[in-house]
Amino acid sequence: MLTIALSKGRMQDDALALFARAGHLVAESELNSRKLIVSTTDGRYSFVLVKPGDAPTYVEYGVADAGVCGRDVLMESRADVHEPLDLKFGRCKIAVAGKREVLGEDYNLLATVRVGTKYPRIATDYFHAKGVPIEVITLSGSVELAPLLGLSDRIVDLVETGQTLKENGLEVIDVIAESLASPTHVIPARTASHAPHVADTSRSSGVKRKRRASVSFFNHEKKSFSSCSR
Ligand code: PRP
């Protein structure tokens, strides 16, 4: 049985539907329970239901054979992993946003830009690359509140439909990563022998694999997984 660390939340249903289309179903009774580990009825896959940010950890430490999470999570975690497969759902952007009335504001006018975000590393890398000093205010959700209440000048956050920004009077200033928040598979080197099973699941579900996949297995021996991304 292959153990998969599956991000709870918006991508959970899409991921389980993908496996279901490949014939690997989880019983409704399991999904409606409070169990944190559920299995497919054919006994081939076990899903460990985790917070998205924890998925790389379960994989990197080898307690899960593979994982499904957004690339935003991988970028932020900096886990030493391999990313061979794009599942083609959960598309969104990681963007810098702010209040409409200050969109044209020059960063040079701000001694230090305060940035509210769930992604302190991504935000720091982005602004440092521009030579802009920032103070990161790390938040765990409802990040759009920060500029509204004067907690921050900018936010770095996921944008999917753009509705949350719009309804809170915010706009995208710059896109840090386009389509890079796609869910990802993650696989540690020690379970290399399992990799083909996950790739097969994707193929049999009609998910087209690309040579340079924008999704992921992550592992320590990238060579051993290179064939999975082709
Ligand atoms: C995410 C993200 C934005 C919102 C973007 O938050 O942080 O707030 O979704 O989606 P949209 O562009 O479709 O409006 P999430 O729903 O995960 O909740 P959170 O604020 O608690 O992190």
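Since this is a predicted model, take the numbers as computed values, not measurements. Read the numbers this way: they start at 1 and go in the same order the structure lists the ligands and their atoms.
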Donor-acceptor pair between Asp174 and Tyr126 side chains, under 3.5 angstrom: yes

Which ligand 1 atoms, with their elements, are less than 4.0 angstrom from a heavy-atom of [X]?
{"X": "Thr161", "answer": "11 (P), 12 (O), 13 (O), 14 (O)"}
{"X": "Gly141", "answer": "19 (P), 20 (O), 21 (O), 22 (O)"}
{"X": "Thr164", "answer": "4 (C), 5 (C), 10 (O), 11 (P), 14 (O)"}
{"X": "Asp157", "answer": "2 (C), 3 (C), 7 (O), 8 (O)"}

Ligand 1 to Ser140 polar contact by distance, N or O atoms, under 3.5 Å: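 There is no such contact.
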
Can you tell me which residue and heavy atom of the protein come closest to [atom], and the distance to 0.1 Å?
{"atom": "atom 16 (O) of ligand 1", "value": "Arg10 NH2, 2.7 Å"}
{"atom": "atom 3 (C) of ligand 1", "value": "Glu144 OE2, 3.2 Å"}
{"atom": "atom 6 (O) of ligand 1", "value": "Lys118 NZ, 3.8 Å"}
{"atom": "atom 20 (O) of ligand 1", "value": "Ser142 N, 2.8 Å"}

Selected option - heavy-atom contact closest to atom 5 (C) of ligand 1, from Val156, Leu158, Ile155: Leu158

Contact check, Lys166 vs ligand 1, heavy-atom distance below 4.0 Å: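 Contact absent.
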
Quick check against the 3.5 Å criterion: does [X] have a side-chain atom that pairs as donor or acceptor with the backbone of [Y]?
{"X": "Ser7", "Y": "Val68", "result": "yes"}
{"X": "Arg121", "Y": "Ser77", "result": "yes"}
{"X": "Glu30", "Y": "Ser39", "result": "yes"}
{"X": "Asp65", "Y": "Thr3", "result": "yes"}

Non-hydrogen side-chain atoms of Thr124 and Val136 separated by less than 4.5 Å: yes

Ion pair Arg78/Asp125, N-O distance below 4.0 Å: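 Salt bridge present between Arg78 and Asp125.
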
same_hphob_cluster(Leu170, Val175) at 4.5 Å side-chain heavy-atom cutoff: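 Yes.
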
